[in-house]
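Right, one structure below, let's go through it.
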Amino acid sequence: MDFGIRGKRALVCASSKGLGRGCAEALAGEGVSLVLNARGAQALEVTAAEIRARFGVPVETVAADITTEAGRAKVLAVAGEVDILVTNAGGPPPGVWTDWTRDDFIAAVDANMLTPVALIQALVPGMMARGWGRVVNITSRAVKAPLAALGLSNTARTGLTGFVAGTSRQVAASGVTINNLLPGSHDTDRIRAMDARNAELKGLTVEDQKTERLTTNPVGRDGTPEEFGAACAFLCSQQAAFIVGQNVLVDGGEVNATI
Ligand code: NAP
């Protein structure tokens with residue numbers, strides 16, 4: 001299927017690896033030119049070079065912390081007018097609910113709620129003026145089913161979900177859609193770090209921890225960045241113009257819910 005977005009320009013945040021990279025590659029595969037971002041310049045340049053070589057699309061890079069005002073200003077200055085915005089950043093650290101301080105909550109809300117809100121506020125008015133735009137926020141299955149150790153993520157991402165629910169319906173008439181893509185467990189450094197932490201806490205090997213975790217997944221494996229990216233590219237397609245303000249789970253059916 002041709003998604004009809006060849007020649008569009010996308011900003012994909014936090015995209016030198018993992019899910020952000022999966023989204024960037026899927027968009028590049030549809031002929032979309034890219035602005036990629038991550039903090040570490042070296043991995044970012046390697047990723048950009050590989051995407052240029054594989055897909056033949058223009059790729060610009062901005063090494064910056066997207067969760068800071070200065071970092072966002074740097075990214076937005078290079079991005080200019082984009083048609084597609086994929087928001088993403090590292091997730092909050094795991095822990096225990098009694099330990100989190102006000103500062104921990106503020107950091108999580110800054111990174112995983114207020115950063116995407118600021119990017120939407122900066123870029124969606126231009127999309128509306130031009131009559132077309134797509135925003136996909138990488139959030140988490142934690143907004144549908146809370147994860148005990150990830151209370152900071154449960155909290156901050158649910159705030160973003162509320163913002164998107166209201167805002168997406170205000171901008172839809174201008175041809176701009178805003179949706180959230182909710183990863184379950186995907187094979188990235190993030191999930192590997194979580195498996196290592198949980199293995200240590202339970203006295204298991206990392207392999208046994210992963211096997212135990214996967215028993216609750218109907219597909220019986222982790223998702224891939226490519227599968228996640230394909231869902232993102234579809235939400236950015238012409239065909240997805242009528243999908244507004246939704247929370248789309250990509251989790252192999254792990255969240256056991258009817259709706
Ligand atoms: P990952 O493999 O660790 O990749 C994270 C990417 O984001 C890297 O390119 C990293 O590069 C960049 N990054 C991190 N913090 C950044 C910042 N402040 N500014 C700019 N770039 C930043 O992680 P992932 O698995 O793709 O996860 C992406 C998001 O999805 C996270 O918020 C995570 O919590 C969430 N999530 C993931 C899963 C999963 O199973 N993988 C499940 C649910 C939710 P630098 O370090 O160089 O900046």
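First listed ligand is number 1; within each ligand, the first listed atom is number 1.
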Thr47 vs Arg21, test: side-chain hydrogen bond (donor to acceptor under 3.5 Å, both in side chains). Steps then yes/no. CA-CA 8 Å; Thr47 295; Arg21 177 172 177 158; 3.1 Å; yes

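- Salt bridge present: Asp195 and Arg213 bring a charged side-chain N and a carboxylate O closer than 4.0 Å.
- Inspection of the Thr115 and Arg72 side chains reveals an N or O donor paired with an N or O acceptor under 3.5 Å.
- The residue among Ser140, Pro225, Ser185, Gly184 with a heavy atom at the shortest distance from atom 42 (C) of ligand 1 is Gly184.
- Nearest protein heavy-atom neighbour of atom 23 (O) of ligand 1: Arg190 CB, 3.6 Å.
- Closest protein heavy atom to atom 6 (C) of ligand 1: Ala14 O, 3.6 Å.
- Remark: Gln238 CD is packed, more than 12 non-hydrogen atoms of other residues, nucleotides or ligands lying under 6.0 Å away.
- Applying the side chain to side chain donor-acceptor pair (under 3.5 Å) rule to Thr67 yields the partners Asp65; only residues at least two apart in sequence or on another chain are considered.
- What sits closest to atom 43 (C) of ligand 1 on the protein, heavy atoms only, is Pro183 O, 3.4 Å.
- Relative to atom 29 (C) of ligand 1, the option among Leu19, Val143, Asn88, Ile66 with the closest non-hydrogen atom is Asn88.
- Residue-ligand proximity: Ala111 is placed with every non-hydrogen atom at 4.0 Å or more from ligand 1.
- Taking a 6.0 Å sphere around CG of Asp189, one finds it holds more than 12 heavy atoms contributed by other residues, nucleotides or ligands.
- Of all the atoms in ligand 1, the ones that sit under 4.0 Å from a non-hydrogen atom of Ser16 are 8 (C), 9 (O), 11 (O).
- Here Leu182 sits in one hydrophobic cluster together with Val143, Leu249, Val255; the rule is ILVMFWY side chains under 4.5 Å apart, joined directly or through other members.
- In terms of polar-atom proximity, Ile138 is not counted as a contact of ligand 1, lacking any N or O under 3.5 Å from an N or O of the ligand.
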Determine whether Arg9 and Glu60 satisfy the following criterion, salt bridge (Lys or Arg N to Asp or Glu O under 4.0 Å), listing intermediate values before the conclusion. CA-CA 11 Å; Arg9 178 175 165 83; Glu60 291 163 84; 2.8 Å; yes

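- Among all non-hydrogen protein atoms, the one lying nearest atom 46 (O) of ligand 1 is Arg39 NH2, 2.9 Å.
- Heavy-atom proximity to Thr67, at under 4.0 Å, picks out these atoms of ligand 1: 18 (N).
- Interface atoms of ligand 1 facing Ala64, defined by a heavy-atom separation under 4.0 Å, are 19 (N), 20 (C).
- For the pair Asn247 (side chain) and Leu181 (backbone), a donor-acceptor distance under 3.5 Å is absent.
- Polar contact check, Asp65 against ligand 1: a nitrogen or oxygen pair lies under 3.5 Å apart.
- Nearest-heavy-atom check against atom 24 (P) of ligand 1 across Thr139, Leu150, Thr188 picks out Thr188.
- Protein heavy atom closest to atom 47 (O) of ligand 1, with residue, atom name and distance, is Gly40 N, 2.9 Å.
- Interface atoms of ligand 1 facing Gly91, defined by a heavy-atom separation under 4.0 Å, are 31 (C), 32 (O), 34 (O).
- Which of Arg157, His186, Arg192, Lys17 comes nearest to atom 33 (C) of ligand 1 through a heavy atom is settled by distance: it is Arg157.
- Which of Ala142, Pro92, Ala89 comes nearest to atom 31 (C) of ligand 1 through a heavy atom is settled by distance: it is Ala89.
- The two atoms that bring Leu160 and Pro116 nearest to each other are CD2-CG, 3.7 Å, heavy atoms only.
- Residues Arg157 and Asn112 approach most closely at NH1-ND2, 3.5 Å, considering heavy atoms.
- Looking only at heavy atoms of the protein, atom 15 (N) of ligand 1 is closest to Gly90 N, 3.2 Å.
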